[in-house]
Amino acid sequence: MRLAPIRFFALLGILVGVGFRSWAQCPEPGVNESLYGSDAWNGYVYEGLNDFSTASFLGTLNQSAEFDELFATNQTDGGCTFQLETFSVRFKNRQSFACGLHTFTVTSNNIARLSIDGGSTFIINNASGTGQATVHLTGGIYELVLEYVHDTGSPEIHFEFDVDPGDYAGEIAGDQVICDNPADPAAFTSLSPARFCSEQPASYQWQVSFNGGSYTNIPGATSLTYNVPAGLAAGNYLYKRLATDASTSTTIESNEISVVVDIPEGDQSSFGSGSWTAYAYEGADNY
């Protein structure tokens with residue numbers, strides 16, 4: 001007589017468990033979660049937030065190389081359903097890229113992160129919104145990993161990339177206007193080095209143009225950065241950095257840096273004759 005309630009509660013426990021995890025037996029059998037797509041994304045869906053364990057794996061959700069995923073249905077490609085409230089997707093793509101400057105853009109309403117080295121580092125890691133990263137790739141096949149973690153709102157993620165093919169001259173910075181005597185410009189900085197498709201290191205040569213004249217080499221200025229010596233005459237200067245590939249003798253030019261030198265006039269001590277000579281100074285009560 002006492003066995004019936006025990007069987008009833010055991011059956012009730014099974015039913016509750018099934019209702020709570022209705023997809024527990026759904027994951028596609030035999031799926032290898034480590035496989036990459038070939039110039040396309042293999043997407044692996046997991047239950048929960050930031051949980052990419054095999055125990056939480058639900059199924060696949062594959063995409064083309066560039067895509068907009070709005071998760072219009074809560075089903076994987078194999079027909080497995082998953083909750084749209086909290087889930088995670090890891091997309092994997094072994095993508096071939098030509099040599100050039102590549103700009104990657106990821107837009108999502110929740111956490112999204114992008115790696116181009118198999119997940120070792122992430123060049124985009126956003127809580128939401130649009131993330132963008134520009135890197136020069138020497139060409140070949142790269143292992144891309146794109147992770148999306150959804151917690152609130154309508155789930156969506158978009159991925160795209162653009163390429164400016166060829167070698168990359170790098171970028172320099174240091175624009176300035178100087179009103180001082182002697183004129184001593186601040187040192188220029190290198191925002192990024194030159195990169196060649198040959199993968200050979202670059203050699204550098206800085207050049208200068210004065211008051212619109214032609215560019216000439218600056219003797220000894222062959223480093224990644226350059227510090228202009230003090231004592232520049234008044235005028236307009238433009239600087240740029242040349243990069244040469246030793247293996248092909250290819251030379252490419254960086255952007256330009258503008259330095260405007262306006263040396264103050266007067267000796268600060270002479271008096272006008274029948275008129276005033278005024279000397280202006282920077283700051284309050286600073287002569």
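Within the 4.5 Å cutoff, no side-chain heavy atoms of Phe210 are placed close to those of Thr216. In this structure, the side chains of Tyr226 and Val208 stay at 4.5 Å or more apart for every pair of heavy atoms.
In terms of the side chain to side chain donor-acceptor pair (under 3.5 Å) criterion, residue partners of Asp245 (sequence neighbours excluded) are, by chain and number, Ser198, Ser247, Thr248. By the side chain to side chain donor-acceptor pair (under 3.5 Å) test, Thr105 pairs with Gln132, sequence neighbours left out. Shown here are the ring pair (Phe, Tyr, Trp, His ring centres under 6.0 Å) partners of Tyr36, two or more places apart in sequence or in another chain: there are none. Under the rule for a ring pair (Phe, Tyr, Trp, His ring centres under 6.0 Å), the partners of Tyr239 that lie at least two apart in sequence or sit in another chain are Phe188. Considering only residues two or more places apart in sequence or on other chains, Thr130 meets the side chain to side chain donor-acceptor pair (under 3.5 Å) condition with Thr107. With sequence neighbours left out, Phe91 forms a ring pair (Phe, Tyr, Trp, His ring centres under 6.0 Å) with Phe67.
Looking only at atom types and distance, the side chain of Asn32 has a donor-acceptor partner in the side chain of Ser34 under 3.5 Å away.
Of the candidates Glu256, Gln207, Lys240, Glu253, Glu256 is the only one forming a side chain to side chain donor-acceptor pair (under 3.5 Å) with Tyr215. When each of Tyr44, Tyr46, Phe71 is tested with Phe87 by the rule ring pair (Phe, Tyr, Trp, His ring centres under 6.0 Å), just one qualifies, namely Phe71.
Side-chain atoms of Thr86 do not come within 3.5 Å of backbone N or O of Leu49 as any donor-acceptor pair. In terms of modelled atom types and a separation under 3.5 Å, the side chain of Asn109 and the main chain of Ser154 share a donor-acceptor contact. A distance-only check finds no donor-acceptor pair linking the side chain of Glu47 to the backbone of Leu58 [under 3.5 Å]. No side-chain donor-acceptor contact under 3.5 Å links Thr244 to the backbone of Ala246. Under a 3.5 Å cut-off, the side chain of Ser88 and the backbone N or O of Gly48 do form a donor-acceptor pair. The main-chain N or O of Leu224 is found under 3.5 Å from a side-chain atom of Arg241 such that the two form a donor-acceptor pair. Formation of a donor-acceptor pair under 3.5 Å by the Trp206 side chain with backbone atoms of Asn227 is not found in this model. With hydrogens and angles ignored, the 3.5 Å screen pairs no side-chain donor or acceptor of Asp164 with any backbone N or O of Leu101. In this structure, His136 contributes its side chain and Phe196 its backbone to no donor-acceptor pair below 3.5 Å. Panel note: side chain Asp77, backbone Asn62; a donor-acceptor pair is recorded below 3.5 Å.
The shortest heavy-atom contact between Asp51 and Ser56 is OD2-OG, 2.6 Å. The minimum heavy-atom distance linking Pro165 with Val163 is given by the pair CD-O, 3.6 Å. In terms of heavy atoms, His102 sits closest to Phe104 at CB-CE1, 3.8 Å.
Remark: Lys92 NZ to Leu144 CG distance equals 12.0 Å, nearest 0.5 Å. Atom OG of Ser209 is separated from atom CG of Asn236 by 9.5 Å, given to the nearest 0.5 angstrom. Once rounded to the nearest 0.5 Å, the distance linking CG of Leu238 with CG of Asn255 reads 11.0 Å. To the nearest 0.5 angstrom, Gln63 atom CD is 11.0 Å from Asn42 atom CG.
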Could you please spell out the steps behind the side chain to side chain contact (heavy atoms under 4.5 Å, CB included) verdict for Leu146 and Ile157? CA-CA 10 Å; Leu146 176 60; Ile157 183 168; 4.0 Å; yes

Evaluate side chain to side chain contact (heavy atoms under 4.5 Å, CB included) for Phe97 paired with Ile116, printing each intermediate quantity in order. CA-CA 11 Å; Phe97 290 115; Ile116 61 173; 5.8 Å; no

Quick one, Thr138 with Cys197, criterion side chain to side chain contact (heavy atoms under 4.5 Å, CB included). Give me CA distance, side-chain angles, the key distance, then yes/no. CA-CA 5 Å; Thr138 54; Cys197 295; 5.7 Å; no

Take Val31 and Thr60 through the test side chain to side chain contact (heavy atoms under 4.5 Å, CB included) and record every step on the way to the result. CA-CA 8 Å; Val31 173; Thr60 56; 3.9 Å; yes

TODO: Show the numbers, then the answer: is there a side chain to side chain donor-acceptor pair (under 3.5 Å) between Glu156 and His158?
DONE: CA-CA 7 Å; Glu156 60 177 300; His158 312 270; 2.7 Å; yes

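Legend: salt bridge (charged side-chain N to carboxylate O under 4.0 Å, His left out) pairs involving residues 212-238, not counting sequence neighbours: none detected. Every pair tested for salt bridge (charged side-chain N to carboxylate O under 4.0 Å, His left out) that includes a residue from residues 32-44 fails, sequence neighbours excluded, so the list is empty. Contacts classified as salt bridge (charged side-chain N to carboxylate O under 4.0 Å, His left out) and involving residues 103-127 (residues at least two apart or in different chains) are given here: Arg113-Glu147. Residues in residues 106-128 take part in no ring pair (Phe, Tyr, Trp, His ring centres under 6.0 Å) pair, two or more places apart or across chains. Screening residues 119-143 for salt bridge (charged side-chain N to carboxylate O under 4.0 Å, His left out) gives Arg94-Glu143 as the qualifying pairs, with residues at least two apart or on separate chains. Residue pairs meeting the side-chain hydrogen bond (donor to acceptor under 3.5 Å, both in side chains) criterion with at least one partner in residues 171-184, sequence neighbours excluded, are absent.
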